[in-house]
Amino acid sequence: LAAWAEPHRRYHDARHLAECLDAAGRLGGGVPELLALWFHDAVYDPRSRGTRNEQDSAQLAREVLTCLGAAPSVADEVARLVLLTADHRVEDPTDTAGRLVSDADLWILAAPPGRYASYTAAVRQEYRHVPGVLFRRGRRTVLEGLLATGKDDEQRNYIRNGFEAG
């Protein structure tokens with residue numbers, strides 16, 4: 001948990017972890033999905049480029065799970081799921097584990113307005129080193145990328161319904 005409390009974290013913190021785990025539980029996540037969410041932002045540096053955070057988090061998951069005696073197939077699946085959080089592109093429509101991890105990580109996009117507002121403010125704080133115009137351009141690119149992940153109405157409703165029921 002120490003990593004989730006690093007001083008530079010404003011959104012990608014223990015609250016985000018707890019909300020992701022709660023989301024996965026509501027959506028029926030099993031052990032691999034919960035472990036992937038536990039590790040998905042374990043390494044998080046807002047100054048990192050590309051998918052470095054997800055790659056490092058996936059490697060950490062593999063190392064920790066292997067040290068704890070997890071089967072290699074479990075460690076590999078958790079690492080695969082962590083890597084999916086880099087762009088949330090779940091190419092295989094039958095990949096329910098990937099879809100669940102992605103949706104649990106992105107639940108905030110379906111949050112009530114007040115929680116969503118606190119999320120956007122926290123993300124801005126994490127990226128305070130980025131000038132405003134560049135931050136806005138980057139956020140737009142991120143959000144447009146998420147829209148392009150192929151999530152259809154069924155998938156969007158999947159996550160919304162999970163939270164409205166809870």
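Remember, it's a predicted structure, so these values are computed and weren't measured experimentally.
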Q: Are L83 and V78 in one and the same hydrophobic cluster, where Ile, Leu, Val, Met, Phe, Trp and Tyr link if side-chain heavy atoms are under 4.5 Å apart?
A: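 No, it is not one cluster - the side chains of L83 and V78 are not joined through contacts under 4.5 Å.
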Q: Enter the distance from L81:CG to D105:CG here, rounded to the nearest 0.5 Å.
A: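 So the CG of L81 and the CG of D105 are separated by 11.5 Å.
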Q: Grab the two heavy atoms, one from L34 and one from G25, that are nearest each other, plus how far apart they are.
A: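 Looking at all heavy atoms of both residues, the closest pair is CD2-N, 4.5 Å.
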Q: Flag the pair Y44 / D56 as yes when at least one side-chain heavy-atom distance between them is below 4.5 Å, and no otherwise.
A: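 No, their side chains stay 4.5 Å or more apart.
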Q: Output a table of donor-acceptor pairs, distance under 3.5 Å, between side-chain atoms of residues 60-76 and any protein atom two or more places apart or on a different chain; print 'none' if there are none.
A:
from, atom 1, to, atom 2, distance (Å)
R62, NE, D76, OD1, 3.2
E63, OE2, Q59, NE2, 3.0
T66, OG1, R62, O, 2.7

Q: Report yes if some heavy atom in the side chain of D41 is under 4.5 Å from a heavy atom in the side chain of L17; otherwise report no.
A: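 SC-SC contact between D41 and L17 ruled out.
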Q: Between L27 and E33, is there a side-chain heavy-atom distance shorter than 4.5 Å?
A: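 No - every pair of side-chain heavy atoms lies 4.5 Å or more apart.
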Q: Are H8 and R47 side-chain neighbours, meaning at least one heavy-atom pair lies under 4.5 Å?
A: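 In short, these two side chains do not touch, never coming nearer than 4.5 Å.
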Q: Hey, can you tell me if Y119 and Y11 have their rings parallel, tilted or perpendicular (30° and 60° cut-offs)?
A: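 Y119 and Y11: perpendicular rings.
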Q: Locate the shortest heavy-atom distance separating S48 from N53; write the atom from each residue and the value.
A: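 Smallest heavy-atom distance, with atoms named: OG-OD1, 3.4 Å.
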Q: Does the side chain of R15 reach to within under 4.5 Å of the side chain of E19, using non-hydrogen atoms?
A: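 A side-chain contact under 4.5 Å exists here.
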Q: Rounded to the nearest 0.5 Å, what separates atom OG1 in T120 from atom CD in Q125?
A: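 T120 atom OG1 to Q125 atom CD measures 11.0 Å (nearest 0.5 Å).
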Q: Could you tell me the separation between the SG atom of C20 and the CG atom of L106, rounded to the nearest 0.5 Å?
A: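 Nearest 0.5 Å value for the SG-CG distance: 8.5 Å.
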Q: Are T96 and R99 close enough that a side-chain donor and a side-chain acceptor fall under 3.5 Å?
A: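 On atom types as modelled, these side chains do not qualify, holding no pair under 3.5 Å.
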Q: Just to verify, what does A86 make a side chain to side chain contact (heavy atoms under 4.5 Å, CB included) with, not counting sequence neighbours?
A: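 Testing A86 for side chain to side chain contact (heavy atoms under 4.5 Å, CB included), a comparison that skips the adjacent residues, returns T51, E54.
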Q: What are the two closest non-hydrogen atoms of R80 and G98, and how far apart are they?
A: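 For R80 versus G98, the nearest heavy atoms are NH2-N, 4.3 Å.
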Q: Find the distance between CZ (R52) and CG (D45) and round it off to the nearest 0.5 Å.
A: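 R52 CZ to D45 CG: 11.5 Å, rounded to 0.5 Å.
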Q: Do you know the tightest heavy-atom contact between A42 and A3?
A: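 Taking every non-hydrogen atom into account, O-CB, 3.3 Å.
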Q: Is the shortest heavy-atom distance from the side chain of R9 to the side chain of H16 under 4.5 Å?
A: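 When only atoms from C-beta onward are counted, H16 and R9 do not touch, as no gap falls below 4.5 Å.
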Q: Determine the minimum heavy-atom distance between V82 and H40, stating which atoms define it.
A: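 Looking at all heavy atoms of both residues, the shortest contact is CG1-CA, 3.9 Å.
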Q: Do the side chain of R124 and the main chain of Y127 share a donor and acceptor less than 3.5 angstrom apart?
A: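 Here the side-chain-to-backbone pair exists.
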Q: So which heavy atom on A122 is nearest to which on R10, and how close?
A: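 That closest heavy-atom pairing would be O-CB, 3.3 Å.
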